[in-house]
Amino acid sequence: MRKVLFWWWMLPLLAHAQPYGNEWIDFNKEYYKVTLAEDGIYRLTYDDLLQAGFPIGSNSATPVDPRRIQLFHRGQEIAIRIEGENDAVFDPGDYIEFYGQRNDGTLDAELYVDPAYQPHRYYNLYADT
């Protein structure tokens, strides 16, 4: 009987023990994926964003204020530089610069009972972009 009472009291504590790792996601916002094959400094131009369907400029009913754009890698916000954000409109000639990292095998280590069994930590099992 004591064991049953013990687990009855401990179960709620154990249920909240592990975060999922996606707590940074705000489900009221819209997200776009930027895929990279190599680490380096990248520039997203006005045309790049238009081709991706990003709501900018006069083509969109509700254009995004470039001062509110954020970029994340594995749930952590990374620094970006937005040229032309002062007027609160993303115009042709404006761009976003950032240091981007390709997808590697860092998160794959959790798939192995012993992380030493991971074939290669520099390549992801699913995709490297």
Side-chain angles (χ1 to χ4, degrees):
M1 181 68 174
R2 283 185 176 172
K3 286 183 181 180
V4 171
L5 286 175
F6 174 76
W7 287 111
W8 186 76
W9 284 100
M10 290 301 292
L11 194 57
L13 297 174
L14 295 174
H16 298 288
Q18 298 295 325
Y20 291 106
N22 61 356
E23 295 80 16
W24 63 276
I25 298 173
D26 181 352
F27 292 98
N28 295 320
K29 293 182 180 178
E30 195 168 343
Y31 293 89
Y32 292 83
K33 187 176 193 176
V34 178
T35 58
L36 309 173
E38 295 181 15
D39 295 351
I41 296 182
Y42 288 87
R43 179 180 285 187
L44 296 174
T45 65
Y46 178 88
D47 291 332
D48 294 334
L49 296 175
L50 273 181
Q51 286 179 345
F54 195 80
I56 57 171
S58 58
N59 297 1
S60 176
T62 55
V64 170
D65 181 345
R67 298 173 295 184
R68 299 182 54 110
I69 295 174
Q70 297 173 287
L71 195 59
F72 293 88
H73 178 68
R74 293 192 184 126
Q76 300 294 317
E77 186 171 6
I78 62 171
I80 60 174
R81 177 178 179 264
I82 302 178
E83 178 64 33
E85 70 179 347
N86 294 335
D87 62 356
V89 177
F90 205 93
D91 302 309
D94 294 351
Y95 56 84
I96 302 169
E97 283 184 330
F98 62 96
Y99 179 77
Q101 294 178 287
R102 67 177 176 82
N103 193 19
D104 60 17
T106 301
L107 299 179
D108 289 349
E110 297 178 22
L111 299 173
Y112 298 91
V113 174
D114 182 355
Y117 295 146
Q118 183 177 5
H120 207 290
R121 64 184 178 135
Y122 297 111
Y123 297 99
N124 185 278
L125 291 173
Y126 178 69
D128 64 348
T129 58

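What you see is a predicted model, and the numbers here were worked out from it, not measured in a lab.
Here the shortest heavy-atom pairing between D94 and G84 reads OD2-O, 3.3 Å.
When side chains are defined from C-beta on, K33 does not count as touching Y31, because their heavy atoms never get closer than 4.5 Å.
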| message | Could you walk me through whether D39 and Y99 satisfy the side-chain contact (heavy atoms from CB on, under 4.5 Å) test, starting with their C-alpha distance in whole Å, then the side-chain angles of each, then the deciding distance to 0.1 Å, before giving a yes or no? | response | CA-CA 7 Å; D39 295 351; Y99 179 77; 3.5 Å; yes
| Audit row: V34, F98, side-chain contact (heavy atoms from CB on, under 4.5 Å) steps and yes/no | CA-CA 11 Å; V34 178; F98 62 96; 4.0 Å; yes
| task | Kindly determine whether I78 and F72 satisfy side-chain contact (heavy atoms from CB on, under 4.5 Å), including the steps that lead there. | result | CA-CA 6 Å; I78 62 171; F72 293 88; over 6 Å; no
| field | Audit row: T45, E83, side-chain contact (heavy atoms from CB on, under 4.5 Å) steps and yes/no | value | CA-CA 10 Å; T45 65; E83 178 64 33; over 6 Å; no
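Atom NE2 of H73 and atom CG of L36 lie 9.0 Å apart (nearest 0.5 Å). Taking CZ of R81 as the reference point, atom CD1 of I96 lies at 11.5 Å (rounded to 0.5 Å). Separation of atoms CG (D91) and OH (Y46) is listed at 7.5 Å; rounding is to 0.5 Å. Summarising the geometry, atom CD belonging to E97 is positioned 7.5 Å from atom CD1 belonging to I41; distances are rounded to the nearest 0.5 Å. Summarising the geometry, atom CD1 belonging to I69 is positioned 7.5 Å from atom CD1 belonging to I56; distances are rounded to the nearest 0.5 Å.
No path of Ile, Leu, Val, Met, Phe, Trp and Tyr side chains, each step under 4.5 Å between heavy atoms, connects I80 with Y95, placing them in separate hydrophobic clusters.
Counting only distance, with no hydrogens or angles, the side chain of Y32 and the backbone of L49 share no donor-acceptor pair below 3.5 Å.
Taking the charged nitrogens against the carboxylate oxygens, D87 and R67 have no contact shorter than 4.0 Å, which rules out a salt bridge.
Other residues, nucleotides and ligands place more than 12 heavy atoms under 6.0 Å from the CD atom of Q70.
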